[in-house]
Visitor: 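Before I ask anything, here is the structure I am working with.
Just follow the structure's listing: the first ligand is 1, and inside any ligand the first atom is 1.
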Amino acid sequence: MSTLSYVIAGSEATGGAGLQADLKTFEQLGVYGVGTITCIVSFDPKSDWGHRFVPIAGQVIADQIEAATSAHDLDVVKIGMLGTPETVATVAASLRQQSWRHVVVDPVLICKGQEPGAALDTDNALRTDILPLATVITPNLFEARTLAGMDSIDTVDDLSEAARRIADLGPRYVVVKGGAGLPGDDAVDVMFDGTEVTVLRAPKIGNERVSGAGCVFAAAITAELSKGASVLDAVTTAKKFAHDGIVGRLTTNAPFAAVGWQA
Ligand code: PXL
């Protein structure tokens, strides 16, 4: 058990997703947050809020991880956006320097506005270097289709099949998020623990996707695991926390709302 949570992720300059959302989540769930930046995403308001993406040099990432893990006894870490195969390799090598009670991986392949083609290299690298280290992984529909090699995921049975296939790649627990994209009235997630599938449901809050919701969900799992919760309890709390963040979302001048906890 710990009152510290660690995140290795990208900075998202509008404050709605990435490391900024992760650290806000840690704070709200009562753990001290420590963060390492892997890349900087600055949407471009002059060009349809498209993606401007700058990776951080590998040595600088390794230095940050060395500083964080030397200053603190960290045993639960969330991995967010890594962005390039080089960054994946750097982070995997640093993670292997110590043992972890939990490694929570949000397998961010691309974020809103990025080219789908950019996902392929990162997918291959995550699959070989990061997934074997993961204890919990939280793919969305696109990431689950890519990692599981499925053409479509349209039903709860498909979610379960994707979770089983992804578990074969290494992660002990797989949580596939149906989100707004899975047909039906509920936002459905399935959790596969290697033996059983548990289905979690909450009513959908509209069909609009909210930036940062996935980051917050994985960060909340991380915070709860740090405090000693079981994986199922952590996922259940995180689903409620992300749901509240979607309800309380912040309207922005960008074409997407940001997860938030507005009164
Ligand atoms: O929401 C996925 C995400 C994660 N991390 C960073 C991002 C985004 C999406 O914009 O920019 C850094």
Visitor: Going by the order shown, which atoms of ligand 1 are within less than 4.0 Å of some heavy atom of Gly10?
Guide: 12 (C)
Visitor: Less than 4.0 Å between a side-chain N and a carboxylate O, is that true for Glu224 and Lys227?
Guide: yes
Visitor: Can the ring centroids of Phe43 and Phe256 be said to lie less than 6.0 angstrom from one another?
Guide: yes
Visitor: Going by the closest heavy atom to atom 1 (O) of ligand 1, which one wins out of Gly83, Gly18, Cys215, Ala9?
Guide: Cys215
Visitor: Give the atom numbers and elements of ligand 1 that come within less than 4.0 Å of a heavy atom of Ser11.
Guide: 12 (C)
Visitor: Determine, for Arg52 against Asp44, whether the closest basic-nitrogen to carboxylate-oxygen distance falls under 4.0 angstrom.
Guide: yes
Visitor: Quick one: pull up OG1 in Thr3 and NE2 in His72 and give me the separation to the nearest 0.5 Å.
Guide: 10.5 Å
Visitor: Give a yes/no verdict on whether any heavy atom in Ser211 is under 4.0 Å from an atom of ligand 1.
Guide: no
